[in-house]
Amino acid sequence: MAANQDSEDPEEEIPFENEIDGLLARLTLKEKVGQLNQLNGSEQTGPAVEDVDLEDEIRNGKVGSVLNADGLENRERYQRIAVEETEHGVPLLFGYDVIHGFRTLSPIPLGEAASWDPDAVRASANVAAAEASASGIHWTFGPPVDVARDARWGRSMETSGEDPYLAGELAAARVRGFQGDDLTAADTVLACAKHYAAYGEVKAGREYNTVDISESTLRDIHLPPFEAAVTEGVGTVMNAFTVFEGIPAGASKRLVRDVLKDEWAFDGFVVSDWNSFREFIYHGVAGDERDAAELAIEAGSDMDMVGHIYTNELVNLVEDGTIDEALVDDAVRRVLRSKYRLGLFEDPYRYFDDERRKETVLNETHREIVRDVARKSIVLMKNERDVLPLDDVDSIAVVGALADSADDVLGDWRGCGRPEDAVSVLDGIEGTVDNAEVRYAQGCDRSGMVSATLREEAIETVEETDVAVVAVGESYELSGEASSRSDIDLPGEQQELLEALQATGTPVVAVLMNGRPLALPWLSENVPAILETWFLGTEAGDAIADVLFGNHQPSGRLPMSFPQTVGQVPIHYNHLPTGRPQHRAEAGWGTSYLDIPNDPLYAFGHGLSYTTFEYADLELGASTIKMNEPLSIGLTVENIGDVVGTEVVQVYIHDLVGSRARPVKELKRFRKLELEPGERREVTFEIESDDLAFWTADEVFAAEPGEFDVMIGHASDDIRLTDSFELRA
Ligand code: NOJ
């Protein structure tokens with residue numbers, strides 16, 4: 001950490017806190033409350049609230065932060081007003097949703113999670129941070145670190161999927177990528193772990209719906225990625241819109257003050273979500289705005305995003321003695337601390353350098369970095385008869401409106417990304433092949449609808465070519481905020497189109513685009529090759545062509561289970577056992593459906609390569625370990641195919657007997673290995689008793705002595721090696 005950052009050395013931290021003390025003493029109560037107020041610039045990322053004149057509000061010392069301010073010039077103008085026209089000149093903090101890139105876009109977060117590659121993910125977050133910071137943004141509302149277990153939920157696309165460990169590793173990587181180790185550096189911004197907490201559990205996958213989960217699910221599944229982000233030093237946390245045990249997250253003293261600020265010693269600040277303090281009234285836990293303000297400040301939620309609840313109510317609440325001014329001071333201290341950490345008091349204009357912006361935004365290095373992570377995010381779901389890679393074809397049909405769209409590949413939460421910067425699938429294929437003819441047929445529109453003409457044209461084109469690359473899936477606006485779906489199959493008539501193309505006898509490669517797992521039983525049964533490409537961002541088409549033609553080996557693995565049908569949802573690999581497990585039950589009396597199997601279509605961790613790997617020689621360092629003693633796990637992996645390939649070795653455990661039922665499998669470690677044909681590599685992992693901890697029946701997070709199975713393999717449903725060990729007290 002650089003000086004003036006979170007130094008371990010108390011000598012260095014005191015000057016900051018001293019300056020904050022001094023400033024707090026000079027600010028009036030009204031000015032302090034102004035620091036807790038965030039107003040909107042131009043772009044609306046939520047329903048309209050109260051209309052005010054932003055510049056007047058800043059001039060009157062009533063604004064601490066602005067989100068969605070458009071363009072460097074506007075940001076600089078607002079900053080000048082705050083610094084030069086208010087009594088104490090406290091600089092503003094500019095926030096923006098830089099979720100998977102600013103202008104150069106990486107894959108959507110769910111897609112990027114499929115890379116299982118924290119280094120690549122860190123690098124992609126760093127590109128986003130460099131471009132945002134060069135454009136006058138100090139603070140991104142990312143990373144989203146919610147765990148998503150219901151594919152109907154449109155915001156699954158913002159998450160790292162269903163597993164708390166993978167989500168935690170990627171949360172830490174993104175925080176590192178956004179914040180670096182010096183927030184004053186030119187390529188860093190303040191990060192925000194959101195949405196705290198358990199938003200991914202909205203009932204029936206319906207956006208903004210209620211959440212009703214146990215404390216153990218909260219602690220074991222939803223909190224670990226937030227804790228990982230806090231451990232990595234994330235500067236801010238955003239409240240979820242949803243409730244935990246009937247209390248809106250921003251009003252939950254337990255979540256915010258007790259767990260986040262006390263248990264985890266988080267010293268940054270907590271921002272509401274868009275108008276979410278006012279929504280306490282609609283939830284029915286606050287009678288009016290005054291109640292809402294009181295609940296939020298007591299809970300420890302520090303900044304009010306666009307709601308005007310704090311500016312309308314906090315002064316009165318302090319003056320009539322309802323709340324202690326110390327609560328306001330603590331919230332303001334946290335906001336000011338962030339501004340100091342960003343170096344804003346030293347130079348409030350350091351982020352407004354147009355030359356730097358021009359050199360940084362969309363530069364070639366950034367494009368290369370996002371192409372790299374995009375390639376790594378592609379999952380080869382199926383590859384019968386080795387249809388892929390396409391190394392011996394004279395003609396290729398490219399079909400589907402999505403294949404010709406440089407818009408959809410950007411996905412939702414696209415920041416300042418623009419279609420004109422992006423490479424569509426068709427462009428990528430055309431730019432890659434030298435010796436084959438490429439013919440395009442639209443086949444269906446973006447919503448999947450097929451007309452007789454489109455259908456005929458597509459059939460004819462496919463009949464005349466050696467292979468058909470058909471882009472199918474969702475247009476980008478079908479996932480994201482407020483974009484839940486009750487059905488998660490291929491929209492429109494895309495399946496009928498595929499059936500007709502498949503009937504031509506030309507091999508079909510389905511290139512999927514989607515922001516959530518889809519239910520694709522027909523596709524999976526009938527189409528020989530399926531490539532999951534999510535929405536891969538600016539370099540999508542090039543990255544897809546890299547994998548289609550074998551210039552890059554597919555190495556992505558699913559971060560979320562793909563169900564057989566929507567009826568299986570929520571489905572996740574790390575479920576608890578039941579009292580009537582299917583495999584033990586007499587026919588008819590096990591946990592099951594009458595009409596569908598229990599297993600997903602594609603399991604968590606699934607993903608193929610153009611080669612095959614063999615696992616051997618599992619060796620545990622000991623058969624018994626004591627608390628806090630590490631256990632080493634050794635094995636070898638060999639590439640037994642003819643081409644180079646990347647394997648993701650996955651380590652799962654199962655705690656056989658616990659004070660609460662334990663998941664049938666839990667991911668604890670993973671490693672990506674690139675192996676030459678015939679190459680064999682030794683791999684060693686180490687786990688500790690902390691890795692075995694969970695929310696026990698005694699309501700503590702701890703490991704319990706007993707037997708554990710270790711399962712190592714290629715996917716959660718493809719375990720190749722097993723052993724067990726005992727943990728002793
Ligand atoms: C609402 C979304 O829930 C949140 O993720 C986002 O950061 C804010 N709007 C600001 O755009």
Side-chain angles (χ1 to χ4, degrees), residues 45-47 49 97 99 109-110 141 144-162 164 167 193-223 225-226 237-252 254-256 272-286 292 295-296 299 301 305-307 412-413 474 477-489 491 514-519 560-561 563 565-572 575:
T45 46
V49 192
D97 289 290
I99 304 301
L110 182 66
F141 302 129
V145 303
D146 304 308
V147 171
R149 309 212 283 185
D150 191 323
R152 292 169 294 185
W153 188 46
R155 300 196 85 164
S156 300
M157 61 80 61
E158 285 175 55
T159 75
S160 292
E162 73 191 35
K194 70 187 189 184
H195 306 81
Y196 189 69
Y199 189 5
E201 291 275 356
V202 279
K203 273 194 184 177
R206 200 183 76 217
E207 179 67 314
Y208 312 130
N209 201 3
T210 51
V211 166
D212 192 2
I213 58 166
S214 64
E215 171 118 23
S216 57
T217 299
L218 176 81
R219 297 274 184 170
D220 292 346
I221 304 296
H222 296 282
L223 293 192
F226 284 97
V237 169
M238 186 185 292
N239 300 135
F241 286 123
T242 43
V243 294
F244 176 65
E245 295 187 337
I247 300 175
S252 170
R254 185 126 144 266
L255 281 179
V256 182
S272 77
D273 202 341
W274 184 278
N275 199 28
S276 64
F277 293 163
R278 180 170 287 99
E279 292 179 3
F280 299 169
I281 301 171
Y282 315 140
H283 281 289
V285 301
L295 282 171
S301 297
M305 183 189 290
V306 309
D412 198 29
W413 289 114
E474 300 176 319
E477 65 279 0
L478 290 190
S479 59
E481 189 178 350
S483 302
S484 291
R485 292 180 64 201
S486 66
D487 217 343
I488 52 170
D489 54 7
N514 42 294
R516 58 159 65 73
L518 297 176
M560 209 170 162
S561 311
T565 81
V566 72
Q568 289 183 321
V569 170
I571 183 168
H572 45 90
H575 60 84

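Heavy atoms only: backbone and side chains are in, while hydrogens, waters and symmetry mates are out.
Contact check for S252 versus I247: side-chain heavy atoms found under the 4.5 Å cut-off. The side-chain heavy atoms of Y208 and E481, taken from C-beta on, include a pair separated by under 4.5 Å. Side-chain contact between H195 and V237 is absent, with no heavy atoms from C-beta onward closer than 4.5 Å. Between P144 and T159 there is no side-chain heavy-atom pair separated by less than 4.5 Å. Using a 4.5 Å heavy-atom cutoff, the side chains of D212 and F244 are not in contact. No side-chain heavy atom of S486 sits under 4.5 Å from any side-chain heavy atom of V566. Annotation: side chain of K194 is in contact with side chain of D97 (closest heavy-atom distance under 4.5 Å). At a threshold of 4.5 Å between non-hydrogen side-chain atoms, the residues I571 and P517 do not count as touching.
When the salt bridge (Lys or Arg N to Asp or Glu O under 4.0 Å) test is applied to D273, no partner is found at least two apart in sequence or on another chain. Judged as a side-chain hydrogen bond (donor to acceptor under 3.5 Å, both in side chains), and not counting sequence neighbours, the contacts of S561 are E162. When the side chain to side chain contact (heavy atoms under 4.5 Å, CB included) test is applied to L295, the partners found at least two apart in sequence or on another chain are A251, F280, V285, A286. For the salt bridge (Lys or Arg N to Asp or Glu O under 4.0 Å) test, no residue two or more places apart in sequence or in another chain qualifies with D412. Every residue meeting the side chain to side chain contact (heavy atoms under 4.5 Å, CB included) condition with A249, not counting sequence neighbours, appears here in chain and number order: A240, L255. Residues forming a side-chain hydrogen bond (donor to acceptor under 3.5 Å, both in side chains) with D487 (at least two apart in sequence, or on another chain): none. Under the rule for a side chain to side chain contact (heavy atoms under 4.5 Å, CB included), the partners of T565 that lie at least two apart in sequence or sit in another chain are I596. Applying the side chain to side chain contact (heavy atoms under 4.5 Å, CB included) rule to V243 yields the partners T210, P248, H283; only residues at least two apart in sequence or on another chain are considered. R152 pairs by the salt bridge (Lys or Arg N to Asp or Glu O under 4.0 Å) definition with D150, not counting sequence neighbours. Contacts of E207 classified as salt bridge (Lys or Arg N to Asp or Glu O under 4.0 Å), with partners at least two apart in sequence or in another chain: none. Partners of E158 under the side-chain hydrogen bond (donor to acceptor under 3.5 Å, both in side chains) rule, at least two apart in sequence or in another chain, are R155, W413. Remark: S160 engages R174 in a side-chain hydrogen bond (donor to acceptor under 3.5 Å, both in side chains) (not counting sequence neighbours).
For the residue pair P164 and V147, the shortest heavy atom distance occurs at CA-CG2, 4.4 Å. Here the closest non-hydrogen pair linking A198 and I213 is CB-CD1, 3.7 Å. Heavy atoms only, all atoms of each residue included: N275 and V306 are closest at N-CG2, 3.6 Å. Scanning both residues, A299 and G250, for their nearest heavy atoms gives CB-O, 3.5 Å.
Rounding to the nearest 0.5 Å places CG of D220 at 8.0 Å from OG of S214. Between I99 atom CD1 and F141 atom CZ the span is 9.0 Å, to the nearest 0.5 Å. Of the inter-residue distances, the one linking K203 atom NZ with N209 atom CG reads 7.5 Å to the nearest 0.5 angstrom. How far CZ of F226 is from CG of L218: 9.5 Å, rounded to the nearest 0.5 Å.
In terms of modelled atom types and a separation under 3.5 Å, the side chain of R278 and the main chain of G307 share a donor-acceptor contact. Looking only at distances, no side-chain donor or acceptor of S272 sits under 3.5 Å from a matching main-chain atom of F277. Using a distance-only test at 3.5 Å, with no hydrogens or angles considered, a donor-acceptor pair links the side chain of W274 to the main chain of P47. Listed for the R485 side chain is a donor-acceptor partner under 3.5 Å among the backbone atoms of D489.
The only option from S484, S483, P491 that meets the side-chain contact (heavy atoms from CB on, under 4.5 Å) definition with L478 turns out to be P491.
S276 and N239 share no donor-acceptor pair across their side chains, judged by distance under 3.5 Å alone.
For an aromatic pair to be called close, the ring centres must be under 6.0 Å apart, and Y199 with W153 satisfies this.
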Inset, instruction - Could you walk me through whether M157 and N514 pass the side-chain contact (heavy atoms from CB on, under 4.5 Å) test, one step at a time? - result: CA-CA 8 Å; M157 61 80 61; N514 42 294; over 6 Å; no

